[in-house]
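Working notes, structure below.
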Amino acid sequence: MSIIDIKNLEFTYIGDIKPIFENINLQLDSNWKLGLIGRNGYGKSTFLNILLGKLDYSGTITSKVHFEYFPYKIKNEDYLTVDVVEEIKGNYELWKLERELNLLKVDLDILYRPFNTLSGGEQTKVLIASMFISDNNFLLIDEPTNSLDINGRRILAEYLNKKSGFILVSHDRNFLNHTIDHVLTIEKQKIVLQKGNYDTWKENKEAEDEFNRNKNEKLKKEIDRLEKSSREKANWSDKVEASKNMRNSGSKVDKGYVGHKSAKMMQRSKNLEQRYKKTLEEKTGLLTNIEFEDDLVLESVPHHSKNLIVAENYSISFNNRKIFEPLDFSIENGEIVTITGENGAGKSSFLKSIVGFNIKRNGSLKLASNLKISYLPQEFDWIKGSLDDFIENNSVDKTKFLTLLRKMGFDRDTFDKDIGSYSSGQKKKVLISKSICEEANIYIWDEPLNYLDIITRLQIERMILKYKPTIILVEHDEDFLKNINARNIEIKKIRD
């Protein structure tokens, strides 16, 4: 066991006024299985990069362990996998790597295949296994589930559950519950460390938020009363001063006396006003910054047809070769359908074929007339430039679009930055907001939750349950799929 001691940590990006971290003090045990939770853009990746020594910061970080980061950068993806691992780790004992791959249920033959021929899930498992063949490392594992299907996530969760000594960034609630024993939460004004898993954190967070909401309500009522009293005291001297020019019927007013009285009253009212303002500032400073989960609004439009999509003996082909076994299915108004299948089965290509991409179709696929489709792609690295340009180029309602981003945790300052500088989660929110703004009959979403923080996932979950849109999606978050009552269509890969 070793302690990672963080004292007075402060960090602000060059050009920014608002700090990412301010006066952070933490002690982390190198044997912990630590989950790192927080809104997209709040500084999770920044925190990891600080630990790695990639960013200049104020304060001190003392540790006897070596920090190692996932995902590794691969220089030569055309190398054999066994050589890629050597390039990353240097000299290592092959039996240790084989042991870890066996625990991850990976066929050892992949070690002698070019790395770039492996599926995304296979690459993830190889790189995760590589992390655990060295000693005295504290591992920084950043969103390892994005390339894994449901079964792959279960295998990785079981694997990590038997390991220790890592920080895990993940937004998959079920995955976190099965892998971590401590939670580090980055919030707007603080970092919170507690023992437990996601469910423990959620229970504590809900209790804390309820307490703070009640406290805020009492404080706001007190602030309203103080503001009213302050305004009343400020008006006192004005009224007395104005009385100097008034006359009583049949007599003259002693303006000197009234002026003296006015001056005393004015001084008294100013003293009271200052006292109220000071108390008001103190009360306002006690207001708690709660992470609200505002509801999202969806502009879904039901179609006049009951069946939006009907397929018979349907499949797709590449190079005259069918990718998956033919399917028969129909999609009705208001249905939520998830497409499942192993990695490489063609799930993303299946969605693209419905949207209208140039993909060879086999069998029959009938779409209802005038069907409006909103498509959310899995890829998002192509978006860049200003939000204003993105809004104009995609013809979305600016007010609705920006309101959605605010509800998903964007600061107004972020609106002025180039989209290319956004985190992966923030870029995904831009595309999600675009799709939600579109008045569609059916939404086709390819892994919509990848990179999205837990709070945003809960918002999308509630939105779907409230508005009941027609959706076809590929997604691997088991809790999410269960909660939205998704019907499953399984794609079965054709074997050679």
Side-chain angles (χ1 to χ4, degrees), residues 77-78 81 104-107 109-110 112-126 145-156 307-332 335-368 371 373-382 431 435 442-450 470-478 480-481 486-496:
E77 293 195 356
D78 56 338
T81 300
L104 285 164
K105 298 178 172 56
V106 175
D107 189 338
D109 289 346
I110 70 170
Y112 304 99
R113 286 168 46 196
F115 187 78
N116 57 15
T117 67
L118 273 55
S119 69
E122 289 171 333
Q123 290 180 355
T124 293
K125 290 177 181 178
V126 167
T145 61
N146 287 330
S147 296
L148 297 175
D149 57 20
I150 289 175
N151 187 54
R153 293 184 185 208
R154 289 173 180 168
I155 292 171
L156 182 58
N307 287 326
L308 304 189
I309 301 174
V310 177
E312 295 178 357
N313 199 37
Y314 183 71
S315 184
I316 59 175
S317 298
F318 289 118
N319 298 322
N320 295 318
R321 176 182 170 273
K322 288 185 180 180
I323 303 301
F324 52 79
E325 295 179 5
L327 295 168
D328 295 314
F329 66 88
S330 64
I331 310 293
E332 296 183 356
E335 273 201 297
I336 301 169
V337 176
T338 180
I339 308 302
T340 61
E342 64 180 290
N343 288 338
K347 298 185 294 294
S348 294
S349 298
F350 170 78
L351 295 186
K352 289 178 179 179
S353 73
I354 296 175
V355 174
F357 281 72
N358 186 23
I359 294 174
K360 173 65 175 176
R361 301 177 180 180
N362 304 291
S364 171
L365 181 73
K366 295 180 180 178
L367 276 58
L371 189 68
I373 296 175
S374 177
Y375 173 61
L376 174 70
Q378 187 179 146
E379 305 82 9
F380 52 79
D381 287 337
W382 53 270
L431 291 183
S435 183
I442 186 168
Y443 296 85
I444 297 181
W445 289 351
D446 193 355
E447 301 200 20
L449 302 189
N450 270 6
T470 309
I471 301 180
I472 306 175
L473 74 162
V474 173
E475 183 50 56
H476 307 298
D477 185 322
E478 290 188 88
F480 176 80
L481 294 176
R487 174 169 72 90
N488 178 52
I489 295 177
E490 183 180 3
I491 289 180
K492 296 181 180 179
K493 183 178 180 181
I494 295 177
R495 305 290 180 185
D496 291 330

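Position 1 is the first residue of the sequence, and the numbers go up from there. Quick caveat: nothing in here was measured; it's all calculated off a predicted structure.
Thr124 OG1 to Leu104 CG: the interatomic distance, rounded to the nearest 0.5 Å, is 10.5 Å. Between the CG atom in Asn116 and the OG1 atom in Thr81 there is a gap of 8.5 Å [rounded to 0.5 Å]. Between the OG1 atom in Thr117 and the CG atom in Asp78 there is a gap of 10.5 Å [rounded to 0.5 Å]. Distance CD1/Ile471 to CD1/Ile331: 11.5 Å, rounded to 0.5 Å. Once rounded to the nearest 0.5 Å, the distance linking CG of Leu118 with OG of Ser147 reads 11.5 Å. Taking OG1 of Thr145 as the start and CD1 of Ile150 as the end, the distance is 11.5 Å to the nearest 0.5 Å.
A 4.5 Å side-chain heavy-atom check between Leu473 and Phe480 finds at least one atom pair inside the cut-off. For the pair Glu478/Arg154, a side-chain contact is recorded, criterion being any heavy-atom separation below 4.5 Å from C-beta on. Using a 4.5 Å heavy-atom cutoff, the side chains of Phe380 and Asn450 are not in contact. Put simply, the side chain of Lys493 does not reach to within 4.5 Å of the side chain of Ile491, judged on heavy atoms. Contact annotation: the side chain of His476 never approaches that of Leu148 to less than 4.5 Å [non-hydrogen atoms, C-beta and beyond]. Ile316 has its side chain out of reach of Lys352: every pair of non-hydrogen atoms, C-beta onward, lies at least 4.5 Å apart.
Nearest heavy atoms, Pro377 versus Leu431: CG-CD1, 4.4 Å. The shortest non-hydrogen separation linking Lys322 to Ser315 is CB-OG, 4.1 Å. Between Ser349 and Ile359, the closest heavy-atom pair is O-CD1, 3.5 Å.
Looking at Phe357, Trp445, Tyr443 one by one, the single match for ring-ring contact (aromatic ring centres under 6.0 Å, His included) with Tyr375 turns out to be Phe357.
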For Thr340 and Asp149, what are the C-alpha separation, side-chain angles and deciding distance, and is it a side chain to side chain contact (heavy atoms under 4.5 Å, CB included)? CA-CA 8 Å; Thr340 61; Asp149 57 20; over 6 Å; no
Might you work through the side chain to side chain contact (heavy atoms under 4.5 Å, CB included) test for Val106 and Glu122, ending with a clear yes or no? CA-CA 7 Å; Val106 175; Glu122 289 171 333; 5.6 Å; no
Please determine whether side chain to side chain contact (heavy atoms under 4.5 Å, CB included) holds for the pair Val337 and Phe329, giving the CA-CA distance in whole Å, both sets of side-chain angles, and the decisive distance to 0.1 Å. CA-CA 11 Å; Val337 176; Phe329 66 88; over 6 Å; no
Under 3.5 Å donor-acceptor pairs involving side-chain atoms of residues 360-368, not counting sequence neighbours:
residue : atom : partner : partner atom : Å
Arg361  : NE   : Ser353  : O            : 3.3
Arg361  : NH2  : Ser353  : O            : 2.5
Asn362  : ND2  : Ser317  : OG           : 2.5

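Every residue two or more places apart in sequence or in another chain that forms a side chain to side chain donor-acceptor pair (under 3.5 Å) with Gln378 is listed here: Ser348, Asp446.
Around atom CD of Glu312, no more than 12 heavy atoms belonging to other residues, nucleotides or ligands sit under 6.0 Å away.
Between the side chain of Glu475 and the main chain of Leu449, a donor-acceptor pair closer than 3.5 Å is present. Proximity of a side-chain donor or acceptor of Asn319 to a complementary backbone N or O of Arg321 within less than 3.5 Å is not detected.
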